[in-house]
Amino acid sequence: ILVIGVALIIVLFLHFTIKSLLKLVFIMIIILLAVYGYYHFKDPDSMADKTTESKEILQYLIDDVKSKSKTFSEDVKDLYRKGKNAPKEVDKLLDSSKKELDKEFKEK
């Protein structure tokens with residue numbers, strides 16, 4: 001019963017959070033469209049140039065994020081492999097140092 005109550009609380013929390021975020025996104029879109037419309041009607045010729053420039057900048061940023069995300073995923077995979085092999089390597093180092101210590105104590 002406790003698990004069901006916790007799940008219900010989590011679902012309600014997510015519902016109201018997502019609902020609020022969606023409202024915020026819709027309000028921001030409406031505001032952006034209103035501002036764009038105002039400037040478009042005020043000076044349509046320069047607005048077309050600015051729109052084209054904004055598209056180019058946005059495309060550059062999207063390409064940059066794509067390339068970084070590809071290298072990020074490769075880096076995470078590499079880090080995972082290294083982390084997976086690290087305990088084995090540490091065990092080998094500990095075993096070799098233990099053998100060296102045993103040799104030193106036997107010599108004395």
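Reckoned from all heavy atoms, side chains included, excluding hydrogens, waters and symmetry mates.
- Summarising the hydrophobic clusters (Ile, Leu, Val, Met, Phe, Trp, Tyr; side-chain heavy atoms under 4.5 Å, direct or chained), the residues clustered with Leu94 are Val90.
- Taking Asp64 as the reference, Lys68 meet the salt bridge (Lys or Arg N to Asp or Glu O under 4.0 Å) condition, with sequence neighbours excluded.
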Check against side-chain contact (heavy atoms from CB on, under 4.5 Å), Asp102 and Lys98: CA-CA 6 Å; Asp102 289 341; Lys98 185 178 179 183; 4.0 Å; yes

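- Hydrophobic cluster of Tyr60: the remaining members, joined at side-chain heavy-atom separations below 4.5 Å, are Ile57, Leu61, listed by chain and number.
- In this structure, Asp75 has no side-chain hydrogen bond (donor to acceptor under 3.5 Å, both in side chains) partners at least two apart in sequence or on a different chain.
- A search for salt bridge (Lys or Arg N to Asp or Glu O under 4.0 Å) contacts involving Asp78 returns Lys82, not counting sequence neighbours.
- By the criterion of side-chain heavy atoms lying less than 4.5 angstrom apart, applied directly or through intervening Ile, Leu, Val, Met, Phe, Trp or Tyr residues, Ile31 is grouped together with Tyr36 in one hydrophobic cluster.
- Under the side-chain hydrogen bond (donor to acceptor under 3.5 Å, both in side chains) criterion, Gln59 pairs with Asp63, not counting sequence neighbours.
- As a member of the Ile/Leu/Val/Met/Phe/Trp/Tyr network built from side-chain separations under 4.5 Å, Tyr80 groups with nothing else and remains a singleton.
- Residues satisfying the side chain to side chain contact (heavy atoms under 4.5 Å, CB included) criterion with Phe72, sequence neighbours excluded, are Val76.
- Applying the salt bridge (Lys or Arg N to Asp or Glu O under 4.0 Å) rule to pairs touching residues 84-95 yields nothing, sequence neighbours excluded.
- Membership of the apolar cluster around Leu58 extends to Ile62, as traced through chained side-chain contacts below 4.5 Å between ILVMFWY residues.
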Which pairs of donor and acceptor atoms, one on a side chain in residues 3-27, lie under 3.5 Å apart (sequence neighbours left out)?
residue, atom, partner, partner atom, Å
Thr17, OG1, Phe13, O, 2.7
Ser20, OG, Phe16, O, 2.9

